[in-house]
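Structure record follows, encoded as structure tokens.
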Amino acid sequence: MDLPADEGWDPTPGIVSVWADTAGRALVWRRLPQTGRLVREDVRFSPWLIARRLEDVPQAWIDDVRELEGPGALRHLVHVKPGSRIAALRDLGKDRILVLPPEEQYLVATGRTYFRDLSFDRLRRMQFDLETTGLDPLRDRIFMVAVRDPSGATSVLEARGAGDAAEADLIRRLVSAILAADPDVIENHNLHGFDLPFLARRARRLGVTLAFGRIPVGLRQRAARRGVLADDEGPQRIRFVAPGRELIDTLDAVMRYGFSTGDLPWRGLKAVARHFGVAGTDRELIPGDRIYEVYRSDPARVRRYASADVEEVARLAEILGGAAFALARMAPRRYERLADAGAATGVIDPLLVRAYLRAGRALPAHQDGDREPHTGAALHLFATGAAHRVVKADVASLYPSLMRSYRIGPARDTLGALLRLVDRLVERRLAAKASAKASRPGSAERFTHEAMSAAMKLVVNSAYGYLAAGGSLTRFADVHAANEVTRRGREVLDLMCRSLAERGVTLLEADTDGVYFAVPAAWSEADERRVVSEVAALLPPLVQLEFDGRYQAMLSHEPKNYALLGYDGSLVLRGVAFRSSRAEPFGDAFLRCAIPRLLVNDVAGVREAYVKMATALRRREVATYDVSSRVRLTRTPEGYLKIRDSRRELPYEALLASGRTSWTVGERIRVYRTAAGSGGLVADSEDGVRADDTDPRDYDADHYVSVLRDNFAERLSRALAPEDFNAVVADPDQPSLFEPLLAEARTILAPV
DNA sequence: AACGGACGGGG
DNA sequence: GTGTACGTCCGTT
């Protein structure tokens, strides 16, 4: 009873899964923290709902009614007789009724949460990964499943033959392996987007029941915005549920992490594993579209590949999984829902509902806002070109800090629950950040703390999003409060910029809560830090301006598009101008080579890099792969043939020229322009795996020299006077008089 | 070129 | 019994 309501008050330890139904039966699986033993409790609970008007609830269903206090519209807490079809009442609309899913009714009513007194490493976690002959479950088959059991042992199951019977047998063996290992949690990368839907479709087609939950029923479904389209009727999107186990998709965690830190441009398993340093150096890599082909000639290689996948997923889940795990200890929802839910409606709303019920207070109904438009943040670009001695300062969690500092909360939150929640989560985040800083860079421990901090930041920052969302989405939406937050935010940013400028720095770019600026040549790092702390002292309480980094130089191209050169020579590229999945690899390589030279005022070096690349292209010393670009197919074969006479498109010409007449929309391929003016195809290898095919080198060199100049070198133009830029990109086949000039050339920085 | 909507991934 | 943050890419005007 001592725990605050945003924490849950029931101390029952070790809950690892909950499954409940409208009949008022809840199955609670707990892992006893002392022994690690699994127990199942079968308990009764009283299903409940909250109604605006009692008349909306059929009299025959009502067991007990309690009137809640306060001004909220949803004020009748009704306990109904078990088995009442209360889900049907949702049709009344959110402004008249609140009916939670049965597990959440149970968790809210009891004050229980998952994982109390249980550490993440006590969970029994299992990973499995399908290998299939292709991406389409209507046509393709599962031929292999890699499995990693909770003890860490990896095994590979394989179809013993090519037909239906062999595939059905493989699926049955997978189900048996899961039942034998009895995991609390099943994990994989894109589990909900690929493995489970593929498996469900194949199982259905082959007449196999996927009863790998902890009660003997097949897979269940739940509606999910980010799910896959259901096979049956309608545009309904769903995810799968295995009662008694939690199905965790590491892609969800990666997206959350990427969103909150902004430094994970690629979300695929191999790239992410490399980023977190969990990929082995001898990791087997095979381009996705060649896996089955390789299997037929070299099955051992595919076994190594698939095993590496589950090993990496397991490590990744450890590094990133701490965040959702922590949320599950707080919020009255299933762990798997907290792992994929949005922060506002997925985490904050359940916490607020529980807090209000616990306090015996009526809940406000969802309510459309008045016509007040929402106003956003500020974005300023002060200068473009090359700047030296650059400092980045930013305010951590500006919006929640403003909410806390000025006590800006939703008008209808008469309990003040949202602000109290933000206060607590900010404290937790600061603790996690401190722990991250205290642990060794690159260590798994540090990643765990950073993931935790990122999750808290996500929830905390979405407290503002919660205010700003339309009233049809969140219960306490309040556009006036949201506008007050952004207005204060613009005020703070303006004050920061003004105060910095007064202290003699050159402003470069400022955005919402952070600012880049350049300092005079004579300044030391201590001077930089002093200026930041002087300005920090001028800001409102709780708004903490931090020294976020210092760089040798910055190439400012457009708002949110820039390059930073660290004092250690490291290069950071931001924005679509400098990093795009479509960019030809040779162009990326050129920018990575040229920008550091540009930023140390070695303009002759930039010219040299340009000449080198242009010459290599003309001599076809650049591999065909490096001039290709990755595109996504959007036309069907039939659709393209219809328009082909009026309009030729490179990707489809490349497919046809290579003899392919069938493809699927959404497929990604790598194409290049051939000297003959048509399209060529290169084996895709987004994971850095190069197919060892012979390299035709029949690309249109002149075309790619133009691409080098117009698409890539152009990104450097802001930093050079026009005549210097022209000299840099002059055609190397016509040696000119300009080159000597470049030794003296200097980069420029121009106010916008 | 500017805007709105879909998607992020898996074999 | 659904609804996210952001950044990128595509298709449409």
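Throughout, protein chains are lettered first and strands after them, A, B, ... in sequence-line order, and every chain is numbered starting at 1.
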For Tyr106(A), what residues pass the ring pair (Phe, Tyr, Trp, His ring centres under 6.0 Å) criterion, not counting sequence neighbours?
Phe45(A)

Expressed as a whole number of Å, how far does the C1' atom of dG9(B) sit from that of dG7(C)?
16 Å

What does Leu100(A) touch in the nucleic acid at a heavy-atom separation under 4.0 angstrom: a base, only the sugar-phosphate, or nothing?
nothing

Distance-only polar pair, side chains of Asp349(A) and Tyr466(A), donor-acceptor under 3.5 Å
yes

Quick one: is dG3(C) close enough that its OP1 or OP2 comes under 4.0 Å of any side-chain N or O from Arg337(A)?
yes

Any residue meeting salt bridge (Lys or Arg N to Asp or Glu O under 4.0 Å) with Arg52(A), in chain and number order, not counting sequence neighbours:
none

Using the P atoms only, state how far dA5(C) lies from dG5(B), rounded to an integer number of Å.
14 Å

If we take the C1' atom in both dG10(B) and dG3(C), what is their distance in whole Å?
24 Å

Examine Arg303(A) relative to Tyr295(A) and say whether NZ or CZ is less than 6.0 Å from the centre of the six-membered ring and inside a 45° cone about the ring axis.
no

Determine whether the aromatic ring centres of Tyr562(A) and Phe578(A) lie less than 6.0 Å apart.
no

As a test of your reading of the structure, name each stem of DNA chain B as range with range, where a stem is three or more consecutive Watson-Crick or G-U pairs at under 3.5 Å.
B:1-8 with C:6-13

Whole angstroms only, please: what is the CZ-P distance between Arg85(A) and dG1(C)?
10 Å

Side-chain donor/acceptor of Lys94(A) to base of dG3(C), under 3.5 Å
yes

Decide whether Tyr292(A) and Glu131(A) meet the rule of one side-chain donor and one side-chain acceptor closer than 3.5 Å.
no

